[in-house]
Each structure stands twice: as structure tokens, then as C-alpha cells.
Amino acid sequence: MTMLIADLSLPDVLKTFIEEKRNAKFLYPPQEEAVRRGILNGESVVMVTSTASGKTFLAEVAAISNVLINDRKTIVTVPLKALAYEKLMDFKAYEELGIRITASTGEYDSDDRWLESFDVIITTYEKLDSILRHKPAWLGDVGQLIIDELHYLGDPERGPIIESIISKIKLLGLTPQIIGLSATIGNAEELAGWLGAKLVKTNWRPIPLREGVYLRPFLSFNDGTKIRVREVGDPVTSLAMDSLNGGGQAIVFTSSRSSAVKVAKQLAKAICDSQSRLIDVEAASRTAEEVRRASSSKLLGDELSQLIRCGASFHHAGLELEVRRLIEEAFRQRIIRALASTTTLAAGVNLPARRVIIGDYRRYEAGEGMVDIPVMEYKQMAGRAGRPGLDPYGEAVLIASNDREARRLFDLYVNAEPENVVSRFFVEENLAFNLLSIIASGYASNMNEINDFLSNTLAYSQYRIASNVIQRNALMRRVDDMLKFLIESGFIEESNGEFAATPLGLAVNKTYIDPYTANDYVRGLRELNGKANNLNLLFLAVKSRKIPKLRVKRGEEDKWSDALVRNWSRLPLMPPTLPDYDDDELNPFMEELKTATMMLDWINEVDEDALLKQYDAQPGDLRMYIDQLDWLLGAMSELARILKLRELAGRIGMLRLRVKYGIKADALELALNLEGIGRTRARELYRAGFKSIEDIANSTPAKLQQARGIGPTLANSLIEQAKKLMETGRITRVPRDEEPSGDLSDYL
DNA sequence: AGTCAACCACTGTAGACAGCATGTC
DNA sequence: CTACAGTGGTTGACT
């Protein structure tokens, strides 16, 4: 007995909208079950059902009905910025019902009060946590919280953020309906119990998914079918081509960037060599050109465009975001038919393919060697298989090289249940971060209130803290240790059992950096006062454990250890005595110095391709460093201000801007104020004698075009912009000559 | 002398969230 | 301190 949209207790406008605009007349079985459990009547529900089983759609309907019927707000929280924007696009359709929808992420918009006027607010976990720290008045209007990708609760760093969100909401006395969504969770009952939610868990899929193992030349599926795959090279290529020839698309997951590139090359060759017309050559060429232009690295752009011409590509975090988005879009439009990717795509935006090939089920992990990937991750990748509307089925394929391995893979992955989600809340860093957060934001000021906060966490119920005395004592000792650490760091104070954040602690809380990093920064800043330069400030900034470091390779160890030793006394937070040369102890410092030095070269306008080559990095890595340092240097500057190190605060502010634009101080003003001007054009303008906004405002299009890289359109726009800036007086000024710019050798 | 296969030692290994202030069509 | 693939150098057999 199918449940019809028309029968649901929803406002008529919404029902009509769903039927006409969303073209849905009835519910899928999992949706039906969720409705019976009361998801549309305010009941909290955890839905663990496959991708494309309509849980997102149902959550949308629940959100809109919450807004329309209850006149309350809905918050949707997701793990990735890209997902937030994807959800925003999905929700936008409902704007014609008069519903106001927005997304708020760290980069998108940050004024909490401004969110007041929206009904549906989509955020990342961290952004929502940050909003909860500010406690804007409109939180009282929130009647519903939708947590997407609920299995992130098990993520070692991000899971505790979700726990903290839930606990803070309870402490605020809010009782929103909670809707948790995930495709793969082992202990779904437990999580639902913790959230006080009903559980809907099914394997139902609109498109059947078969999972199987390929053992040359046969591909055996868990539904008993077995097909022979025509061999056109190595297993991965054969499997992909087999799917392509049948009219599908393929995604190959690899365990390293380099193998993603390698596989993509093989796929491109196979497609271009193929007799059958597998791609739209013209569209592929157009996309190839687009990608080439979008890539700031010529090398990478050329490599990619060559592959895309043949309808294949690779995808990993070494690529810039814009390039990745272009590739994803081309795959969606079937211009790219086969994609080789690292885990970027496994957990990312919605990008299904008929056949998903798990190229490596083992991955290198530092300190552990090659490890089998978790079942959870496999299921996440497998869930990408099957594109609604295009594919009659989806297939996920593992590759075995012998009989025994084939059987093992069936046991290990195909027939396995995903791992249980286990809270990491009581890990030191997470605990310190969240304790400071509740004390500084006024959620707790004594042990009783801290206990209230902790008792709402998943960890508390998972570790049976309430009932297990030994567990409780061990974990409470850790809480004490962390409180002590926060006191010693000068972030909180205690008197008569009452805790309060210091101005420094408030700043750490506000800037959202973790207390360990903050403590390093505070100590480092005090030490550098009076002898700070761009190198040692970058070195300090990069020390945050949140920043992955560039790796020092075998051949360059001498170079970096030498530079390190010569700089020893000028660098912050160094051990008083030099560790032994051959020791691994030197390595972390060398990595920090190498990373800082790359960014030093970046702000001194070293050509990007040359820079990346020299440091063996890729454009996406550089963007990541710029992004992270923009945030961390901002926080560091704020800490310096609180510490009354005014000169240092200003200097760091300047450094931050230079990192953001990758430019020396003299031409920064141009890049900073003018749309369409980055590090390269700013330098060209400067060299041609246009050194300030005034110079440009007083120039003519013809004169401006004498600078390299400035065409007629841009020249006109620049003059217009400059004139406007002069009129409004809104020029962001930059202090001159703050520090002579030089490379590493100038600091030795 | 030049070529090339076979072998061996060495090297490197995924990803991505967060602040603030202030204006603006 | 785990395992694997790719790389680059050396060796030694052969033309």
C-alpha cells in the first residue's frame, strides 16, 4: 500500500509544489517508514538508508513543513562546505513558497545576526558550533536540526564537534526535532538512542546495487551473477571500459594521487583507442580548454586537458577547487566518462557512476604501513554506484589477484557491516577545545555544569560513565588535567570552584583555534617580540598541528637541517639544545621550516609553477596553506593584540594579507583593492609605474594597457574601480616597507 | 662501444573544517 | 616500522 504525497498531512501549497515541481507523487519505502515514525510530526528520527533512497528529499520536506506549519527555523548541518552549497541549491527551489534559505560557512557569511531573517540555515558543523558560541537570539526560533552524514560522529576531530552541538543545544533548553541522516552506520540503534530519536534503517535502493569482486577474467557479484570481462589492459582499465562500452560511467578509487593520475592516463588511452565512439569529442575539447585555463599550474592544466580530451580525468586534493568543480560538472554531463580519484570524491558531493571500482582497498597510513580501509569507507564509495535516471543498476567492484583474496574481499567488504561509530570526545585535544568553548561561551562555570555538558555527549553514554566507576574516574581525571592545562595556559581562571575565561581565553574561543595551538602561539609570540620576521612568524604559524607539513625528502635533508641549525636561535619554541643530527627528532622542525620557507617564497612573488616544483607541491596544496594561514594568522594577530604586542599584531596582519595575495608589500594595495588584479597583474602594473589607486584613477585605458596582462576590458574596469574608490575613500591602505623581502638565505 | 633486459636499492604514500569587520547592490 | 609500486642506477650478456 503505497503512501501518496497527497495523503500526507502537509500544507496544500507544499503538496502541490512537490507533485508539480519535484514530480513526486508517492513515497519510497524508507520515506514511508520515516513518515510513519513521525518525521513530519516533529518526531526525532535517524535515517540510515542508502544514497538516493530519498532521505535528503524527505528531510527537505520535513524542513519546509517545519517552517510553514510551525513557523520555526530549520538548521541543516553538513561536514563539507561543498555539501552546504549543494544543499543550498537543492533548497533554493522552495523559495517560491516564500521560504528564505541561506548557507553560512566560514568563507560564505559570518554575521550571526544577519541569519535571523532566514527560515532554513545550512551550515558546516564547525560553523554551527561557532554560532552556538555566540548564542544569537534567534536560536530560540529553531524547531528542527538536520544533521547530514551523521556517521561523522566517529571522525576523530569532527565527531566531537557534533556532540558538542547537541549538548549545547540541550543546555540552552532548546528541544528541536532532530533528524540524523547517514548511509552507513554500524551502531545506528545506539546513535538514535543517544539522540532520543526513532530509527529507520533499510537497505532499500531505488536502483539496485550489486557488489562484487573481479578475479581475472570473471567478475562475480553478490547476487550470484558472474560475467566475463573483456581484457583491454590491466584489471582497472578492463573493468572501466567494460562499463563504458555498456553505456555507463566509471569512477576508480585509488589510494594515492600518483596512482589516480596513472589510472586516468590508462583510461584516457583506452577510450581514445577504442573503436566505438565513447565521447562527445567537441564537448570534451571545450571542457579540456576550460580546465586548462582554470588551472594556475600550466603543467597540471596541460596534463589534465590532454586526458579530458579523451573523456577521462583524475581528481584529488592537489587540484584547485575550481578545477575540481569543473571536472565534477563535466562528469555529471557525461563529457568525462571515467574518473580516477582519491577519497576526495568518496565523501564529497553527489557524483554517482554506474560502476565504482575500488582500485586499492589498502592504503598507507603513517605509523601503520598498508592498512585495509574501513568497511565504512568502502560502503561510502560503493554507495556512489548507480545514477538515478540514467543507470538501470549500480555496481561496486573490488579487485583480487587470487582465489583466496577474492573470498577474503567478500568477507571483508561485500558481506561486512560497517564499523561502529565510536566517540572521540575524551581525546585530550578535543576535550580541551570543548571545555574552553563551554566555559568561555558561558555554558558552564563550575564542575556541576561541566558535568551536565559532558553527560549529554555520545561519549558519556558510550563509555557508560554514569554507571561505570572506573571509567568515570579515569575520564574525569582527564577532564581535570585539561582544566589544569587551560588554567596554566592562561585561558581560564578558577576561584572557589568557579571557572571563567580570561580575555586571552575568550579570544581563543572566538577565533576557533584549538587551545594547544593557541598556547604555542602565545608562547611563541612572547618569545619573538622584538625579533620577529616573516620567516619566524610563518614558522610559528605553521606549527599548529592542524596544518599538514611539507615532507622533507631524502635528498634535501642536509639543506634543511643546515638551515635549521643556522636559524636555531631565531626560531620560536625550539628546544634549548640541538637534538642529534641523525635523529628523527630534527625532522618535524625541518618540515616546519620547509613549509614556512615555501610560504616565504610565495609572499615574495616566486612564480607559482617554479614554487610548486621546488617544494614538490601541487596547486591545491598551496591553496590549502593560503586558506589555513589566512585563518591562523588572523587568530595569531588577535592574540598578539590581546597580549599588547601591538607592533607584532600589525606585522602579522600585514603578513596575513601578503599570504592571501602572494605578493610583496609594495604592490599589495593594488591587489587588495582591485577586482581582477592578483599577484601577477599587480606586479606588472607596479612595474609599469602604477603604484597606487591614485595612479590608476588618474590614468587612461590606453596607458594602463601598456602593462603586461592588462587588456582593454580590464583597463576600463580598473579605472572605473579606482575612481570609485577615490570618491568613496574606501581604499584599504597598506603600510610601506615593513620588512625587506628576501628568501631563506636573507634570514640566515 | 653500444644496447638492453634483469635486478636491486631506494623512495614516497588521502583529505579539509574554523574568525572578524563592514559594506552593498 | 608496517607493504607496495614506481624509479633510477648498476650489472652483465649480447650484438
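The chains referred to below are lettered A, B, ... by the order of the sequence lines, with proteins before strands, and numbering in each begins at 1. Values below: every heavy atom of this structure, side chains too, minus hydrogens, waters and symmetry copies.
A/Pro548 comes within 4.0 angstrom of a nucleotide base, judged by non-hydrogen atoms across all strands. Contacts of A/Gln628 with the nucleic acid, taken as non-hydrogen atoms under 4.0 Å apart, include base atoms. If you check every strand for non-hydrogen atoms under 4.0 Å, A/Ser255 touches sugar and phosphate atoms only. Heavy atoms of A/Ala317 sit under 4.0 angstrom from primed sugar atoms or phosphate atoms, though from no base atom. Looking at heavy-atom distances under 4.0 Å, A/Arg623 makes no contact with the nucleic acid at all.
Base pairing annotation: B/dA16 forms no Watson-Crick or G-U wobble pair, as no partner gives both donor-acceptor distances under 3.5 Å. When both pairing distances are held under 3.5 Å, B/dG23 makes no Watson-Crick or G-U pair with any nucleotide shown.
The separation between A/Asp360 atom CG and B/dA14 atom C1' is 12 Å, rounded to whole Å. Here the P atom of nucleotide B/dG15 and the CG atom of A/Asp621 are 8 Å apart, to the nearest Å. Taking atom CZ on A/Phe253 and atom C1' on B/dG15, their separation rounds to 13 Å, with Å as the unit. In this structure, A/Tyr85 places its OH atom 14 Å from P of B/dA16, rounding to the nearest Å. Rounded to whole angstrom, the span from the CG atom of A/Asp630 across to the P atom of B/dA21 amounts to 15 Å. Taking atom CD on A/Glu638 and atom C1' on B/dA21, their separation rounds to 11 Å, with Å as the unit. The distance between atom CG of A/Leu639 and atom C1' of B/dG19, rounded to the nearest whole Å, is 11 Å. For A/Ile731 and B/dG23, the CD1 to C1' distance is 16 Å, given to the nearest whole Å.
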Worksheet entry | Which nucleotides of DNA chain C pair, in dot-bracket form (Watson-Crick or G-U under 3.5 Å, | meaning another strand) | ..|||||||||||||
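Applying the salt bridge (Lys or Arg N to Asp or Glu O under 4.0 Å) rule to A/Asp372 yields the partners A/Arg362, A/Arg408; only residues at least two apart in sequence or on another chain are considered. Residues satisfying the ring-ring contact (aromatic ring centres under 6.0 Å, His included) criterion with A/His316, sequence neighbours excluded, are A/Phe314. Not a single salt bridge (Lys or Arg N to Asp or Glu O under 4.0 Å) links A/Asp360 to another residue, sequence neighbours left out. Here A/Phe491 pairs with nothing under the ring-ring contact (aromatic ring centres under 6.0 Å, His included) rule; sequence neighbours left out. Partners of A/Glu95 by salt bridge (Lys or Arg N to Asp or Glu O under 4.0 Å), not counting sequence neighbours, listed by chain and number: A/Lys92. For A/Tyr615, there are no ring-ring contact (aromatic ring centres under 6.0 Å, His included) partners, not counting sequence neighbours.
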Close N/O contacts between protein and nucleotides 9-12 of chain B (under 3.5 Å):
{"unit_1": "B/dT11", "atom_1": "OP2", "unit_2": "A/Arg554", "atom_2": "NH1", "d": "3.3"}

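A/Phe433 and A/Tyr512 have their aromatic ring centers within a separation under 6.0 angstrom.
Along DNA chain B, the nucleotide nearest A/Ala82 and the nucleotide nearest A/Tyr364 are compared for position; the residue whose nucleotide lies closer to the 5' end is A/Tyr364. Nucleotides of DNA chain B nearest to A/Tyr125 and A/His316 differ in position, and the one nearer the 5' end is that of A/His316.
In this model, the phosphate group of B/dG19 is not approached by any side-chain N or O of A/Arg641 to a distance below 4.0 Å at OP1 or OP2. Contact annotation: A/His134 does not reach the phosphate of B/dG19 (side-chain N/O to OP1 or OP2, under 4.0 Å). Using a 4.0 Å cut-off, no side-chain N or O of A/Ser130 falls inside it from OP1 or OP2 of B/dA18.
Ring geometry for A/Phe453 versus A/Phe425: interplanar angle of 30 to 60°, hence tilted.
Between the side chain of A/Thr343 and the base of B/dA14, a donor-acceptor pair under 3.5 Å is found.
Using a cutoff of 4.0 Å between basic side-chain nitrogens and carboxylate oxygens, A/Asp234 and A/Lys262 are not scored as salt-bridged. Between A/Lys723 and A/Glu720, no side-chain nitrogen of the basic residue sits less than 4.0 Å from a carboxylate oxygen of the acidic one, so the salt-bridge criterion is not met. Salt bridge A/Glu592/A/Lys543: present, at least one basic N to carboxylate O contact under 4.0 Å. Classification of A/Arg641 and A/Glu638 as a salt-bridged pair holds, one side-chain N sitting under 4.0 Å from a carboxylate O. Between A/Arg623 and A/Glu608 there is a salt bridge, since a side-chain N of the basic residue sits under 4.0 Å from a carboxylate O of the acidic one.
Between the A/Thr595 side chain and the A/Leu550 main chain, a donor and an acceptor come within less than 3.5 Å of each other. Proximity of a side-chain donor or acceptor of A/Arg658 to a complementary backbone N or O of A/Ile603 within less than 3.5 Å is detected.
Set against B/dT13, B/dG19, B/dG15, the side chain of A/Ser256 has B/dT13 as its closest nucleotide. Across B/dG15, B/dC25, B/dA18, the shortest atom-to-atom separation from the side chain of A/Lys127 is found for B/dA18. Counting only heavy atoms from C-beta on, A/Thr344 has its side chain closest to B/dA16 among B/dC17, B/dG19, B/dA16.
One P atom belongs to C/dA5, the other to B/dA14, and the distance between them is 15 Å to the nearest Å.
Between A/Thr732 and A/Leu657, every side-chain heavy-atom pair lies at or beyond the 4.5 Å cut-off. Side-chain contact between A/Lys265 and A/Glu303: present, with at least one pair of heavy atoms (C-beta onward) separated by less than 4.5 Å.
Near-neighbour residues of DNA chain B inside residues 150-160 of chain A, defined by a heavy atom below 4.0 Å, number-ordered: A/Arg158. Listed by residue number, the members of residues 508-519 of chain A with any heavy atom below 4.0 angstrom from DNA chain B are A/Lys510, A/Thr511, A/Tyr512.
Residue pairs meeting the salt bridge (charged side-chain N to carboxylate O under 4.0 Å, His left out) criterion with at least one partner in residues 423-442 of chain A, sequence neighbours excluded, are A/Glu429-A/Arg545.
Taking 4.0 Å as the cutoff to heavy atoms of chain A, we find the contact window on DNA chain C bounded by C/dC1 to C/dG6.
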